[in-house]
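See below for the structure under consideration.
Only heavy atoms go into these numbers, but all of them, side chains included; no hydrogens, no water, no symmetry mates.
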Amino acid sequence: MSKYFIQIPALLKPEEMLQLDALLSTMEFIDGKATARMAAKNVKNNLQASVDSDNLLQVRNIISGALSTSPLFNIAALPKNIIRR
């Protein structure tokens, strides 16, 4: 593993993983080019959750909750805020 990446073991609880799996399996994913600007449209090649997805807020809340309560994440990243887009 790269020295620039830190693994956070058990960041998500098993029940959170199951909940995320269920939420993600029903979400709509769209072409990433839809949100790309200028030259990025030519190279962006991914699918991303539609911002209109009802499940997106729940997914974000689960992940940001796990990050905000992780001592390792908070020590390593020193986040002032976690911005949700």
Side-chain angles (χ1 to χ4, degrees):
M1 173 177 283
S2 169
K3 64 181 178 181
Y4 300 106
F5 291 97
I6 296 174
Q7 284 188 336
I8 305 175
L11 176 67
L12 296 166
K13 298 175 186 128
E15 60 271 14
E16 291 171 324
M17 293 292 292
L18 290 171
Q19 189 177 7
L20 286 172
D21 189 45
L23 290 166
L24 291 170
S25 69
T26 61
M27 284 177 67
E28 177 187 1
F29 288 86
I30 60 170
D31 189 342
K33 287 180 172 55
T35 59
R37 304 261 190 249
M38 302 189 320
K41 284 187 184 248
N42 297 328
V43 294
K44 194 168 183 184
N45 183 24
N46 69 307
L47 293 177
Q48 62 192 36
S50 170
V51 293
D52 298 329
S53 173
D54 295 333
N55 295 347
L56 185 56
L57 179 60
Q58 288 178 275
V59 168
R60 288 178 172 166
N61 286 338
I62 292 167
I63 294 171
S64 65
L67 289 172
S68 67
T69 59
S70 167
L72 180 54
F73 173 76
N74 286 289
I75 289 169
L78 299 172
K80 182 175 179 182
N81 293 317
I82 297 176
I83 299 172
R84 298 178 189 155
R85 296 194 186 260

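Transitive grouping of hydrophobic side chains (ILVMFWY, heavy atoms separated by less than 4.5 Å) keeps Leu11 and Leu18 in distinct clusters. Ile8 and Ile75 fall into different hydrophobic clusters, where Ile, Leu, Val, Met, Phe, Trp and Tyr residues are linked whenever their side-chain heavy atoms come under 4.5 Å apart, directly or through other members.
The 12-atom threshold is not exceeded at CG of Asn45, counting heavy atoms of other residues, nucleotides or ligands nearer than 6.0 Å. By the 6.0 Å contact criterion, NZ on Lys41 is enclosed, its count of non-hydrogen atoms from other residues, nucleotides or ligands being greater than 12.
Atom CG of Leu72 sits about 6.0 Å away from atom CD1 of Ile6, to the nearest 0.5 Å. Interatomic distance, Asn61 CG to Gln19 CD, rounded to the nearest 0.5 Å: 10.0 Å. Residue Asp31 holds its CG atom at 12.0 Å from OG of Ser50, rounded to the nearest 0.5 Å. With rounding to the nearest 0.5 angstrom, the CG atom of Leu56 is 11.5 Å from the CD atom of Glu28. One finds the CD1 atom of Ile63 at 12.0 Å from the CD atom of Gln58 (value rounded to the nearest 0.5 Å). To the nearest 0.5 Å, atom CD1 of residue Ile62 and atom CD of residue Glu15 are 10.0 Å apart.
Distance alone, capped at 3.5 Å, places no donor-acceptor pair between the Ser70 side chain and the Ala66 backbone. Panel note: side chain Asp21, backbone Met17; no donor-acceptor pair is recorded below 3.5 Å.
Under the 4.5 Å side-chain criterion, counting only non-hydrogen atoms from C-beta, Leu24 is in contact with Phe29.
The side chain to side chain contact (heavy atoms under 4.5 Å, CB included) search around Ala40 returns Ala36, not counting sequence neighbours. With sequence neighbours excluded, the residues forming a side chain to side chain contact (heavy atoms under 4.5 Å, CB included) with Gln48 are Ile30, Thr35, Lys44, Asn46, listed by chain and number.
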